[in-house]
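To start, the structure under review is shown below, and the notes come after it.
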Amino acid sequence: MSNSRIAAVDVGNDSLKGIFGTLEHELNIPNVIARDIEDRPVIGIEELDSKDPLEGIHIRVHSPALKENNVIYRVGQLAAKSDNSTELDPGSSKSEEDQTLIMLFAALALDAVNEDNAKTFTKNNNVIDTSYILGTGLPLREVKEGKDAGYRSKLLGSVHQVEFLVTPKYQGIKVNLKFEEVKVYPEGFAAFINLVMDNDLNIINKDLIDKPILIQDIGGLSTDIAVIKNRNVDDDKAQGFNLGVSEALEQIREEIRSKHGVELDSRRDVVDIITKKTNRNHIMVRGSRTSVHDITDRILVDLAKKQYRLLRNVWQKNSQTEICYFVGGGSAVLKDYIKTLNNNLDGYNIDFFEDEKESIWMMANAYYKLISDHLKRTAPKEKKSEDKDKKAVKA
């Protein structure tokens, strides 16, 4: 019988971030997939197992939760190099897309085949049987529409199989995924938990937990503004909007192709150009470093204005708000533009996370804290010595 293993997974529009076990394993995989054939051609096939599996994820996925079942995919970096790669489209719902599940299953399977898990899961004839306790999340808008229940039910009660095909080190291994428990959290509330709890579930920001605050989570496909009052999300006031950064990134990608003749593989490449530490907003054109500031600034300033308008409208309806925290991958892209707008106008009390890794991994960290707290509170209690502050923040 397999033991159950904790998985905290954020399937973000840009990439999947996963934390497994007791924080000992992390995965970051670009959220790109591409259909493929079973025997994909590989140069130097005899050296395949010396390469990084994350650079060659090639799998067949079988699951009753999928609309298109038993299909072969390239995933992540390998998919980004394909002509037929797909990323989530603006207007789509994360909970209803096969791509969300394919990314989730691929990440769990990659964790399962990690040699450190040999004692956690059983393996017979190259088939690994697993059991996971999953903490994940959906945009606030989808949770308010009740889509979290449907997403959860897709995962529970079924076996989902990932078969590694031409993947370095893992060729021929099949992973059967089962879920002992699945918790689906609203992304805005998860961000709040990450602000006030450390990994040991201790309160780290006592001044913040009783303040009325906003958390504006800018993602690829949507933006959530969570209204936090009395240590909980105000479901009536919290809002979700179909406005993310994906459309702007695609527009930048297309204008770079049209103006400079440079084809970027994915939105991730655009994000790298915008956020890199040196030579930001520059690309190489026929071997020469070339500025694309004119393209990125025009498109991102326009998007920042729209995001700022959302903030202003929600703040007006919640006038006693003390601060708004901007989180999510989209916030990292728009940070400088939103700060400039805020400084040039009346100016709200806003804050960003300067630590890039902390911002990118915020949701995955939050899901880890939430699922850990849930397990701790529901486990048989031999003694009740809970800290009162911990009890105050409900997962």
Side-chain angles (χ1 to χ4, degrees), residues 2 4-13 15-20 27 29 31-33 35 57 59-73 75-76 79 86-89 91-112 121 127-164 174-190 219-222 224 240 363-364 366-368 370-371 374-375 395:
S2 293
S4 290
R5 180 168 164 84
I6 289 179
V9 182
D10 169 27
V11 187
N13 180 68
S15 66
L16 175 146
K17 280 76 66 177
I19 300 171
F20 305 92
L27 284 173
I29 308 170
N31 190 352
V32 187
I33 64 173
R35 287 200 175 210
I57 305 171
I59 57 175
R60 187 199 313 272
V61 187
H62 179 82
S63 167
L66 297 172
K67 297 170 189 171
E68 297 185 77
N69 199 2
N70 213 33
V71 177
I72 296 169
Y73 293 99
V75 176
T86 61
E87 299 175 81
L88 292 174
D89 294 322
S92 63
S93 292
K94 186 186 290 189
S95 60
E96 297 175 343
E97 295 292 328
D98 273 4
Q99 182 159 339
T100 305
L101 294 173
I102 291 160
M103 293 298 303
L104 173 64
F105 296 154
L108 292 170
L110 283 164
D111 175 66
F121 301 131
V127 178
I128 300 173
D129 290 306
T130 72
S131 176
Y132 279 95
I133 298 170
L134 175 67
T136 189
L138 290 174
L140 189 62
R141 172 181 56 85
E142 294 187 47
V143 175
K144 289 184 77 171
E145 292 171 359
K147 292 180 178 178
D148 55 323
Y151 184 64
R152 183 173 176 272
S153 67
K154 285 181 183 178
L155 299 175
L156 289 169
S158 298
V159 177
H160 318 274
Q161 186 181 82
V162 173
E163 179 185 358
F164 289 100
K174 295 179 180 180
V175 179
N176 291 329
L177 300 168
K178 278 188 176 181
F179 295 94
E180 179 183 326
E181 192 165 0
V182 175
K183 298 286 283 185
V184 181
Y185 302 101
E187 290 176 347
F189 179 62
L221 305 178
S222 63
D224 289 340
M363 290 302 170
Y367 301 147
Y368 181 84
L370 283 162
I371 195 68
H374 168 72
L375 293 175

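Below, all heavy atoms of this structure are taken into account, side chains as well, without hydrogens, waters or symmetry copies. Because the structure is predicted, anything quoted here is derived from the model rather than measured.
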Please name all residues satisfying salt bridge (Lys or Arg N to Asp or Glu O under 4.0 Å) with [X], sequence neighbours left out, ordered by chain then number.
X: Asp224; result: none
X: Glu96; result: Lys147
X: Arg5; result: Glu24, Asp111
X: Glu181; result: none

Exercise: identify the closest heavy-atom pair between [X] and [Y]:
X: Glu180; Y: Ser131; value: CB-OG, 3.8 Å
X: Glu68; Y: Tyr73; value: O-OH, 4.3 Å
X: Pro64; Y: His160; value: CD-ND1, 4.3 Å
X: Gly220; Y: Asn13; value: CA-ND2, 3.4 Å
X: Ala106; Y: Val75; value: CB-CG1, 4.4 Å
X: Ala107; Y: Leu16; value: CB-CD2, 3.5 Å

Set of side chain to side chain contact (heavy atoms under 4.5 Å, CB included) partners for [X], sequence neighbours left out:
X: Ala364; result: Asp10, Lys17, Ile19, Trp361
X: Ser153; result: none
X: Leu156; result: Arg152, Phe179, Val182

Return yes if some donor-acceptor pair links the side-chain N/O of [X] with the main-chain N/O of [Y] below 3.5 Å, else return no.
X: Asp98; Y: Leu66; answer: no
X: Lys154; Y: Ser95; answer: yes
X: Ser63; Y: Ala65; answer: yes

request  = Report the C-alpha separation of Ile29 and Met103 in whole Å, then their side-chain angles, then the decisive distance to 0.1 Å, and conclude whether the side-chain contact (heavy atoms from CB on, under 4.5 Å) test is met.
outcome  = CA-CA 8 Å; Ile29 308 170; Met103 293 298 303; 3.8 Å; yes

Is there a side-chain contact between [X] and [Y], using heavy atoms and a 4.5 Å cut-off?
X: Val143; Y: Tyr185; answer: no
X: Val9; Y: Tyr367; answer: no
X: Leu155; Y: Leu104; answer: yes
X: Leu108; Y: Thr130; answer: no
X: Phe105; Y: Val175; answer: no
X: Asn31; Y: Glu87; answer: no
X: Lys178; Y: Ser158; answer: no

query = Going from CG on Leu27 to CG on Leu110, what distance comes out if it is rounded to the nearest 0.5 angstrom?
reply = 6.0 Å

task = Please step through side-chain contact (heavy atoms from CB on, under 4.5 Å) for the pair Val71 and Ile102, ending with a clear verdict.
result = CA-CA 10 Å; Val71 177; Ile102 291 160; over 6 Å; no

Output all residues satisfying side chain to side chain donor-acceptor pair (under 3.5 Å) with [X], sequence neighbours left out; order by chain, then residue number.
X: Arg60; result: Glu38, Glu163
X: Thr100; result: none
X: Asn176; result: Asp129, Gln161
X: Glu97; result: none

task = Show your reasoning for whether side-chain contact (heavy atoms from CB on, under 4.5 Å) applies to His62 and Asn69.
result = CA-CA 6 Å; His62 179 82; Asn69 199 2; 3.3 Å; yes

task = Give every residue pair that meets the ring pair (Phe, Tyr, Trp, His ring centres under 6.0 Å) criterion with at least one member in residues 129-158, sequence neighbours excluded.
result =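 For residues 129-158, and leaving out neighbouring residues, the ring pair (Phe, Tyr, Trp, His ring centres under 6.0 Å) pairs sorted by first residue read Phe121-Tyr132.
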
